[in-house]
Amino acid sequence: MNFEILAPAGSMESLIAGVRSGANAVYLGGLEFNARRNAGNFDDEGLEEAVRYCHARGVKVYLTLNILMRDDELRQAYDVVRTALQAGVDAFIVQDIGVAKMIREHFPTARLHGSTQMSIMTPAGVRLAKELGFKRIVLPREMSLDEIREIRKSTDLELEIFVHGALCMCVSGQCYLSSVIGSRSGNRGLCAQPCRLPFTSGNDKNDRALSLKDLSLIEHLSELEGITSLKIEGRMKRPEYVSAAVTAVKNAASGTLDNGQRAQLRSVFSRSGFTDGYLTGKRGAEMFGARTKDDVLSAKEVLKELRRNYDNENALLPIDMHLVCKEGKAVTLEAAARGRSVTLQGGLPEKAINKPMTAESLIARLSKLGGTQFYANDITAEVDDGLIVPASGINELRRRAVEALSRVEKPEVEAKPYSVKTPTVRAKTGEPCLSASFLDPASIPDRHPFKYVFIPIDSSLEDFVDNRAGVLLPRGVFGCEERLRERLQKLRKAGVSRALCGNIGTYRLCEELGFEVFGDFGLNIFNSISAGMIKNPTLSFELSLEQANKIEAENKGVIVYGRLPLMLMRNCPIKAQKGCAECGKKGRLTDRMGYEFPVVCSSYPCAEMLNSVPLYMLDRLDEIRAQRLHFYFSTETQSEVADVIDKIGNGKKPDYKYTRGLYQRGTG
């Protein structure tokens, strides 16, 4: 099996551990703009050193730019990309489609990899990503083997999947828990991991209802046909972990993994073991786990042993050498490695007094490559009879050859001067229009002020017609594209003309089927470039109100009311602990402070955890500059919706608990 093994590098020591253990590529972050801003990361000088080290050993380097970026950060992002390309970085892992467009337009040779934070889980999403210039897609961890194969058959893009490391409870890119309750956004690289704290689903014994075991797919590598890269999570973890994980993946791919290595991998870091539940479709309570005291103690026992894996340089690359030693001529050494070759000259050979050199003795000396990244491949020698060259002379030629073939040249970078033109939107007169999405059509009042209404795709045709509603697409659409397409075609024939889409795949699918498409919050629109790429965009609620007001886009929407969705989960914690029958679609999770968070489900394969209190901005609408004000109705009854409508623009605060969300405090 010929896979790229992609190792995490949160520090130079972790990078070295990964490379010496057999990684073919590493991914790392700069000091800014990456999803692990609390890792050690690399400044400009450190990045250059990292690239030199890796490229000298035939290892690629991918820089993470996998966060959402504000308008005022795009110029700095341009500088980061230019500096990284000058250092020789091989590709950029990107989440924000606006950032991807900026890179593509300014740096034509830059290679883009679509981060798992983009939530690309359908063939239509992959098609759109390809149009946006991505060469590789990092698939969500939550996909089954059949779903991965569906993507593989649909595209010629490279595919990368996580095969080992931490599992978030939420689909990557769709988690707002840390930002909404603590102003530390995972989409901005500052996740505080509140999901690892106590949450319960009722009277169950498990108080870690949002904590999953770590993922491990090393026993399934033979099933991953067509996958380009096997990714290991762990830029926040120690070098010994990186070494153990790379070694295990490498040996599993070659069929040489043994039980001792399996035990090492579990000992160095686990949360009561590992899970393969998403790949195999065996979701449920057995996927949940938390870090225990025994887990911590077992790690201490293997750390020293694991350090031996990368204490010294390992021979990673083949080198060919041919030495010619002729009487009266300087000794010549031709050497080749890494697709390069050099020719070097030494001193003149002398007549041997006692024991002359032989081709065999020269080959043996040239093959002594210990302490370098090379191993002897095709080593040959031609030598006239009766000659001798000092051993130091041969050693010097070999050293010079290794040094020359290890040298990394800085590439020429094609870069256009920074120029980002944000769209200028003509100011509209009059009041902004109102739009609303309802998870339950029965909660829609007979009279309401909403110009656009959206209801779930599996609502009845009567509900669509009676409410003149558009279709609300689910964000979690694993393996559902054909089912969605058939349903959307029926709705289109029935006269439904609008679609609200929070996933890049459903957005593209609805475009292709002729709907007037509205972008929902799940697209994570965070800057004017991305807003200009999406029709009728609803901005990310992780923006501050000041930041949202500055974004220019046609028919820009801002959420002004609703229980904000905090997590999109494929393994419902209520179902796992209690079962659907006991839940009755009224599930709630309770945190250690006693706050209750509703969990809502649908006929599609994900559940959503909502905030404990609604966002409320109805008394401050005059502060919001947008063409469209959006209401997100979820658990409200029809009478509660009517009460919300009555409060629109009256300037009064509600008589129940509410939040201003991140509009005042923003995120890091």
Side-chain angles (χ1 to χ4, degrees), residues 27 29-30 32-39 41 63-74 76-77 80 92-102 113-121 125 129 138 140-142 166-195 210 233 235-236 475-476 502-504 507 519-531 533-534 537-545 547-548 551 558-559 564-569 606 608-609 611 615 661-663 665-668:
Y27 64 102
E32 300 290 338
F33 306 141
N34 77 88
R36 294 292 183 270
R37 284 161 64 186
N38 291 325
N41 295 318
L63 184 72
T64 56
L65 291 175
N66 52 345
I67 66 164
L68 304 177
M69 296 191 200
R70 304 186 304 263
D71 282 343
D72 61 296
E73 295 173 319
L74 292 173
Q76 186 181 352
V80 168
F92 298 90
I93 304 172
V94 177
Q95 173 187 9
D96 191 317
I97 60 173
V99 173
K101 183 178 181 182
M102 183 275 290
H113 292 181
S115 170
T116 189
Q117 298 282 115
M118 293 182 72
S119 308
I120 297 175
M121 57 188 73
V138 186
R141 296 165 174 85
E142 296 79 14
L167 269 181
C168 296
M169 187 68 198
C170 182
V171 175
S172 293
Q174 301 301 311
C175 186
Y176 310 100
L177 178 64
S178 181
S179 59
V180 170
I181 70 175
S183 295
R184 293 182 60 184
S185 168
N187 282 319
R188 295 278 294 161
L190 292 171
C191 179
Q193 298 187 349
C195 53
L210 295 177
E233 183 277 338
R235 281 194 290 141
M236 299 290 287
R475 287 183 295 144
N503 176 273
I504 190 172
Y507 182 91
D520 206 356
F521 66 89
L523 294 176
N524 292 320
I525 303 304
F526 217 75
N527 53 63
S528 294
I529 300 179
S530 57
M533 298 168 69
I534 297 297
T538 304
L539 300 185
S540 167
F541 53 72
E542 292 191 281
L543 289 161
S544 70
L545 195 56
Q547 293 160 356
I551 288 179
V558 172
I559 295 177
L564 298 177
L566 303 183
M567 278 191 169
L568 180 69
M569 305 172 290
C606 287
E608 291 192 276
M609 173 182 169
N611 200 11
L615 169 75
L662 296 159
Y663 290 150
R665 47 196 167 95
T667 58

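Only this structure's heavy atoms are used, side chains among them; waters, hydrogens and symmetry mates stay out.
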Grab the two heavy atoms, one from [X] and one from [Y], that are nearest each other, plus how far apart they are.
| X | Y | answer |
| --- | --- | --- |
| Leu523 | Ile504 | CD2-N, 3.5 Å |
| Leu190 | Ser178 | O-OG, 4.2 Å |
| Arg188 | Leu68 | NH1-O, 2.7 Å |
| Phe521 | Pro565 | CZ-CG, 3.4 Å |
| Ser530 | Asp96 | CB-OD1, 3.9 Å |
| Arg665 | Val180 | NH2-O, 2.6 Å |

Contact between [X] and [Y] at the side-chain level, heavy atoms closer than 4.5 Å - yes or no?
| X | Y | value |
| --- | --- | --- |
| Thr538 | Ile525 | no |
| Cys170 | Leu177 | no |
| Tyr663 | Val558 | yes |
| Met567 | Met169 | yes |
| Gln117 | Ile67 | no |
| Ser115 | Val138 | no |
| Asn66 | Phe92 | no |
| Asn524 | Phe526 | no |

Atom [atom1] of [X] and atom [atom2] of [Y]: how far apart are they, to the nearest 0.5 Å?
| X | Y | atom1 | atom2 | value |
| --- | --- | --- | --- | --- |
| Leu568 | Asn503 | CG | CG | 9.0 Å |
| Asn527 | Glu73 | CG | CD | 9.0 Å |
| Met118 | Gln174 | CE | CD | 11.5 Å |
| Ile120 | Ser172 | CD1 | OG | 12.0 Å |
| Leu65 | Met102 | CG | CE | 8.0 Å |
| Leu545 | Leu539 | CG | CG | 10.5 Å |

[X]: what forms a side chain to side chain contact (heavy atoms under 4.5 Å, CB included) with it, not counting sequence neighbours?
| X | answer |
| --- | --- |
| Cys168 | none |
| Gln547 | Arg70, Leu543, Ser544 |
| Ser179 | Tyr176, Ser185, Glu542, Leu662, Thr667 |

Problem set entry | Evaluation steps, side-chain contact (heavy atoms from CB on, under 4.5 Å), between Leu74 and Ile529 | CA-CA 10 Å; Leu74 292 173; Ile529 300 179; 3.6 Å; yes

